[in-house]
Amino acid sequence: MVSFDISRHLLIYIFLCLMLSLSSEAAVVFLANDCGSNTTTYTRNSPFHRNLNFLLSSLQSNSTRQTGFYNLTVGQQPPDTVYGLFLCRGDDTKEICRECVTSASRRILQLCPNRKTALVYYDECTLRYSNRSFFSAWGMEPALELLNTGNVSQPDRFMKLLGNTMKEIATQASNGDQLGKKYATKEVNFTSFQTLYTLAQCTLDLSVSDCETCLQTAIAYLPQCCEGKEGGRVVFPSCNVRYELYPFYRITAKPPPPPSPTQKPVLHSPPAPQSKGKNKMSSTTIIAIVVPVVVSVVIFAGGFICLLTRKSNKYDAVEQEKGDEITTMESLEFDFSTIEAATNKFSADNKLGEGGFGPVYKGKLPNGQQIAVKRLAVSSSQGAEEYKNEVALVAKLQHRNLVRLLGFCLEGAEKLLVYEFVPNKSLDCFLFDPEKQGELDWTKRYTIIRGIARGILYLHEDSRLKIIHRDLKTSNVLLDRDMNPKISDFGMARILGVDQSQGNTSRVVGTYGYMPPEYAMQGQFSIKSDVYSFGVIILEIITGRKCSNFHQTDEDEDLLSYVWKHWSSGTPLELLDPSLGSSYSRNEVIQCIHIGLLCVQEDPTLRPSVAAIVLMLNSFSVTLQAPQRPASFLIPSSNSNSLGNELVSDSSSPTPTKSVPSVNEASISDMVPR
Ligand SMILES: *[C@@H]1O[C@H](CO)[C@@H](O)[C@H](O)[C@H]1NC(C)=O
Ligand SMILES: *[C@@H]1O[C@H](CO)[C@@H](O)[C@H](O)[C@H]1NC(C)=O
Ligand SMILES: *[C@@H]1O[C@H](CO)[C@@H](O)[C@H](O)[C@H]1NC(C)=O
Ligand SMILES: *[C@@H]1O[C@H](CO)[C@@H](O)[C@H](O)[C@H]1NC(C)=O
Ligand SMILES: *[C@@H]1O[C@H](CO)[C@@H](O)[C@H](O)[C@H]1NC(C)=O
Ligand SMILES: *[C@@H]1O[C@H](CO)[C@@H](O)[C@H](O)[C@H]1NC(C)=O
């Protein structure tokens with residue numbers, strides 16, 4: 001995985017390249033590149049190199065295909081196999097597609113010398129190759145977000161129109177057009193003199209449903225990158241969406257005046273590169289600003305910029321390698337003595353709490369950085385190398401809604417994990433504390449719900465790891481200074497060497513009350529198990545009540561039954577935490593309860609994906625299914641269903657094959673001896 005930081009240099013670079021491309025290559029506009037990790041390189045004239053050259057020339061010779069797409073595998077011997085594809089924008093003529101693929105194949109070699117994995121984004125095409133097969137799989141990385149800085153009038157109405165239009169073309173694109181392209185565009189009137197132009201496209205190796213999920217995820221990010229802006233796009237490797245208030249594609253029905261660059265209107269003054277975006281989706285996201293460029297200036301400056309750009313190519317590569325460096329093993333490894341000193345010899349005063357996998361201590365490194373150290377109390381069968389490798393992988397997961405793993409320490413039997421320190425406590429400390437509940441007004445709670453959703457989305461859809469958290473709960477959601485949520489304890493199954501793949505597991509990790517029925521009973525987990533836990537969290541945030549304490553109070557029902565009772569009798573607002581008073585958005589509250597109930601459906605297939613949830617939470621109107629009565633099996637009640645009777649007859653009865661989660665808050669791991 002590559003991580004490059006959003007840097008001013010990169011922005012300038014993109015900007016220059018944009019201008020360069022406009023001037024010297026007339027038709028095609030380079031946007032960005034990503035070179036994978038510098039540890040996966042090939043040597044010159046190796047079989048891999050020869051296969052790559054063959055691949056690139058085949059892609060070029062196939063660039064005039066009618067579908068504007070071609071995928072190819074070259075080389076049968078595994079270590080030398082190269083997989084590659086290009087996708088031309090649906091409205092590209094054959095000439096433009098060929099020009100783009102040709103330019104991209106040349107540039108990918110220049111920008112990513114000797115890399116086994118690389119990708120370039122152009123306005124008109126995407127080209128990528130790898131030594132790993134990526135066909136039929138969609139991912140979010142590397143993502144490119146671009147926005148047009150002009151502000152629209154009536155942003156609320158605009159975003160709603162945008163959401164609806166995008167949703168429509170996402171479905172249309174996934175089903176394919178008559179040429180077999182997964183491409184759709186649509187124009188709608190915004191005001192009497194402004195038209196909204198929208199585009200959505202997927203690569204053809206994706207299935208209908210993967211294409212739709214990919215597009216919906218991309219669309220879900222539009223409000224974050226481009227809320228209220230006149231133009232924006234989100235580009236993922238296998239799909240992309242874009243909208244503008246001017247025609248940026250050739251409209252097929254009525255042949256338009258093709259907007260040649262020289263005629264492109266200047267809609268507003270050129271922006272200053274802006275490296276600070278509000279919600280960035282991940283560390284590999286590049287934010288840049290694209291505006292129609294005054295071409296006369298470009299032509300004038302062309303020769304000069306050409307020179308500059310060659311230099312910045314090199315600079316760009318250097319920037320990226322810095323990104324890789326962050327995750328080298330050495331930089332992740334901490335000395336035991338350093339950690340011991342930082343935590344004052346793991347003193348009781350420094351203890352922050354007892355997590356599911358052992359105690360957590362606060363510490364301060366010699367450079368002043370505050371850290372949280374988890375001292376793993378769980379034995380694992382893993383060797384040291386395996387442990388290190390898994391930590392390195394998990395440390396690469398970086399997202400604003402995840403607690404960052406800084407590194408590890410390994411000394412004898414001691415296994416420590418070092419995390420960034422998150423100043424505020426965990427969500428449960430606020431939510432369930434009568435003194436502090438009031439600090440979480442509805443706006444904060446809604447932000448927290450959305451943030452958690454984005455964090456989970458990143459874990460689930462991250463292109464390589466696809467982490468299932470397995471132990472989502474309010475005490476695993478930490479809050480930063482601004483009360484933004486950060487999920488902690490993710491990737492523990494990997495670090496502890498538990499099989500990550502979907503399926504049965506003989507070891508249950510999870511917390512009472514948050515575990516979906518299929519997990520608690522059969523140890524079956526999937527991404528839908530996390531969705532269940534997330535649903536419980538949403539309902540806790542709304543009601544201010546703990547799922548696991550319910551039966552200990554005088555209430556005779558569990559949280560889910562309580563929520564369902566009010567929902568089904570048409571009084572959902574009565575569920576609201578009284579400390580919220582009357583300042584909340586009725587629609588948002590009802591939407592969240594609705595989503596929460598969908599998440600806790602007993603049948604995992606009825607639970608929405610996190611991508612769909614993020615979409616729902618992003619102010620885009622989505623028609624939600626009506627929820628059915630949720631699973632409420634954990635708490636014995638007078639009329640518990642058969643599932644409930646079978647599983648739990650009192651709070652400490654064992655499940656048939658697993659040992660039982662204790663009722664208290666602590667998370668449970670490694671409950672079953674190997
Ligand atoms: C790709 O290359 C890297 C580095 O040489 C190697 O670690 C990895 O296993 C390769 N992947 C595949 C699928 O061959
Ligand atoms: C497309 O690529 C294949 C290799 O996969 C090559 O054999 C073929 O000649 C190319 N097609 C065209 C039209 O050049
Ligand atoms: C192209 O992608 C499809 C879909 O994943 C795959 O089945 C096919 O084998 C790929 N073609 C080549 C030549 O690799
Ligand atoms: C758009 O609005 C934001 C604040 O709402 C402002 O800072 C920015 O300058 C505006 N952009 C343009 C191009 O007018
Ligand atoms: C959009 O506006 C144009 C010009 O005002 C009009 O001709 C066209 O019918 C409108 N389209 C829709 C779908 O309302
Ligand atoms: C990868 O980049 C880092 C940082 O620039 C460098 O230290 C390291 O030697 C590079 N590794 C390879 C294999 O080139």
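Just follow the structure's listing: the first ligand is 1, and inside any ligand the first atom is 1.
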- Message: As an exercise, identify every atom of ligand 4 less than 4.0 angstrom from a heavy atom of Asn151.
- Response: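 The list of qualifying atoms is 1 (C), 2 (O), 3 (C), 8 (C), 10 (C), 11 (N), 12 (C), 14 (O).
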Give a yes or no on whether a salt bridge exists between [X] and [Y], defined as a side-chain N under 4.0 angstrom from a carboxylate O.
X	Y	result
Arg115	Asp34	no
Asp123	Arg233	yes
Lys229	Glu227	no

- Hey, does Lys116 come in under 3.5 Å of ligand 1, counting only N/O atoms on both sides?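 Min N/O separation from ligand 1 is below 3.5 Å for Lys116.
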- Item | Protein contact for atom 9 (O) of ligand 1 (heavy atom, distance under 4.0 Å) |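 Under 4.0 Å from atom 9 (O) of ligand 1, zero protein heavy atoms found.
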- Message: Measuring only between side-chain heavy atoms, which start at C-beta, is Leu85 closer than 4.5 Å to Phe134?
- Response: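 Leu85 reaches Phe134 side chain to side chain.
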- Message: Parallel, tilted or perpendicular: which one describes the rings of Tyr70 and Phe86, with boundaries at 30° and 60°?
- Response: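 Rings of Tyr70 and Phe86: tilted, as their planes differ by 30° to 60°.
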- For Asn131, take its heavy atoms, then give the atoms of ligand 1 lying under 4.0 Å from any of them.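 Contacts of ligand 1 toward Asn131, numbered from 1: 1 (C), 2 (O), 3 (C), 8 (C), 10 (C), 11 (N), 12 (C), 13 (C), 14 (O).
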- Atom indices of ligand 1, in the order listed, that fall short of 4.0 Å to a heavy atom of Thr40: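 Selected atoms, number and element: 3 (C), 4 (C).
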- With heavy atoms only and a cut-off of under 4.0 Å, state how Lys229 meets ligand 4: side chain, backbone, both or neither.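 Under 4.0 Å from ligand 4, Lys229 contributes side-chain atoms alone.
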- Ser103 side chain to Cys100 main-chain N or O, any donor-acceptor pair under 3.5 Å?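 Not at all, since once roles are kept as given, no pair shorter than 3.5 Å links the two residues.
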- Query: Can you tell me the protein heavy atom closest to atom 3 (C) of ligand 3 and the distance?
  - Reply: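 Answer, as residue, atom name and distance: Asn71 ND2, 3.4 Å.
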- Message: Check for me whether the distance between the ring centres of Phe158 and Tyr243 falls short of 6.0 Å.
- Response: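 Between Phe158 and Tyr243, the centre distance is under 6.0 Å.
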- Query: Counting each atom of ligand 3 from 1 as listed, which ones have a heavy atom of Ser136 under 4.0 Å away?
  - Reply: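 Under 4.0 Å from Ser136, ligand 3 has these atoms: 4 (C), 5 (O).
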- In ligand 3, which numbered atoms sit nearer than 4.0 Å to a non-hydrogen atom of Thr73?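 Close to Thr73: 12 (C), 13 (C), 14 (O).
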